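Presented below is the structure to which this report refers.
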Amino acid sequence: LRIKIRDVLNVSETEEILSNRLTETISVIPWTSQFGPIYENIKFSRSIISLMLWLLIMVAAFNLIVSLIMIVKGKASDIAILRALGASPSMVRAIFLWQGGLIGSIGITLGVILGIVGSLQISSFAAYLEGIFSINFLSAEVYPIDFLPSKLSVLDVVGVMFGVFILSMLATIYPSSKAASTLPAQSLR
C-alpha cells in the first residue's frame, strides 16, 4: 500500500504512528529511506544555501563598513567642530555606533519582513514562474515532492536576527574608532 500524507516532511511521525499500530509482519518504509540520496541532497543543499546566505550577510556588513567610513570622511569637519566644542572621543564613537546600529536594525527589520513573506509565498512564486516559462521545476515523476517546501522556524529567524545585529555592530567598530580619532586642529585647517 502507498499512503500519501498532506505534510510530506512530517513523514517520521507518521511512520512511527503506523509502525506502532500495525503488526510486525507489515513494514513501513518512508519516502526518506526509499529516496535517500535525494533527501540527503536536499539537506546538503540547505547547508550550502545557509553558508551562501551568511556570506551574503558578510558582504552587506562590509558595505556597512564602507558606508560609515564614507560618512566619517564626509563629516570630518563636523566631527572636528564637535570635538572643538568639547565632545569626547567616546561621545563621537557612540554617535557612530548608534548610527551603525540604526542602519543594521532597519536592515534587519526589512530583511525579516521580506524573508517571512518570501518563505510563506515561495510555492506560489514557483508555480507562477512555472506558468510563465512553461517549465516544471520539480516533476512528480522524478521527485517525491512536486512543490518547494518551506518551513518557517522562529529559532532560525531569531538566530539570524541576532547574528546579523552582532555582525552589524562589529562592522561599526572601525568607522566609529576612526571618527573618534579625528583631530580637530587638522580637520578644521
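Predicted model, so just to flag it, every value in this text is computed and none were measured.
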I want to check something: taking the side chain as every heavy atom from C-beta on, are I95 and L82 in contact at a cut-off of under 4.5 Å?
yes
Decide yes or no for L55 and V59: does some side-chain heavy atom of the first lie under 4.5 Å from some side-chain heavy atom of the second?
no
Working to the nearest 0.5 Å, report the span between [atom1] of [X] and [atom2] of [Y].
X: K73; Y: I71; atom1: NZ; atom2: CD1; answer: 13.0 Å
X: N20; Y: E15; atom1: CG; atom2: CD; answer: 10.0 Å
X: T172; Y: R93; atom1: OG1; atom2: CZ; answer: 11.0 Å
X: K4; Y: T14; atom1: NZ; atom2: OG1; answer: 14.0 Å
X: M58; Y: L56; atom1: CE; atom2: CG; answer: 11.0 Å
X: R21; Y: S19; atom1: CZ; atom2: OG; answer: 11.5 Å

Identify whether [X] and [Y] are in the same connected component of the hydrophobic contact network (ILVMFWY, side-chain heavy atoms under 4.5 Å).
X: I103; Y: F96; value: yes
X: I135; Y: Y128; value: yes
X: I106; Y: I57; value: no
X: I5; Y: I26; value: yes

Could you pull out the closest heavy-atom pair between [X] and [Y], with the gap in Å?
X: G100; Y: L68; result: CA-CD1, 4.0 Å
X: P175; Y: V72; result: O-CG2, 3.6 Å
X: I79; Y: A179; result: CG2-O, 3.5 Å
X: P89; Y: A180; result: O-CB, 3.3 Å

Under the side-chain contact (heavy atoms from CB on, under 4.5 Å) rule, collect the residues that match up with S153, sequence neighbours excluded.
L155, D156
Hits for side-chain contact (heavy atoms from CB on, under 4.5 Å) against A171, two or more places apart or cross-chain, chain-then-number order -> A61, L64, I65
Set out, in order, the CA-CA distance, both residues' side-chain angles and the distance that settles side-chain contact (heavy atoms from CB on, under 4.5 Å) for W98 and L102, then state yes or no.
CA-CA 6 Å; W98 273 100; L102 181 65; over 6 Å; no
Which atom pairs, one a donor and one an acceptor, fall under 3.5 Å between side chains of residues 160-169 and the rest of the protein, sequence neighbours left out?
residue: S168; atom: OG; partner: V164; partner atom: O; Å: 3.4
residue: S168; atom: OG; partner: F165; partner atom: O; Å: 2.8

Out of the candidates I108, L110, L114, only one should pair with V112 under the side-chain contact (heavy atoms from CB on, under 4.5 Å) rule; please name it.
I108
Check whether more than 12 heavy atoms from other residues, nucleotides or ligands sit under 6.0 Å from atom CH2 of W54, and answer yes or no.
yes
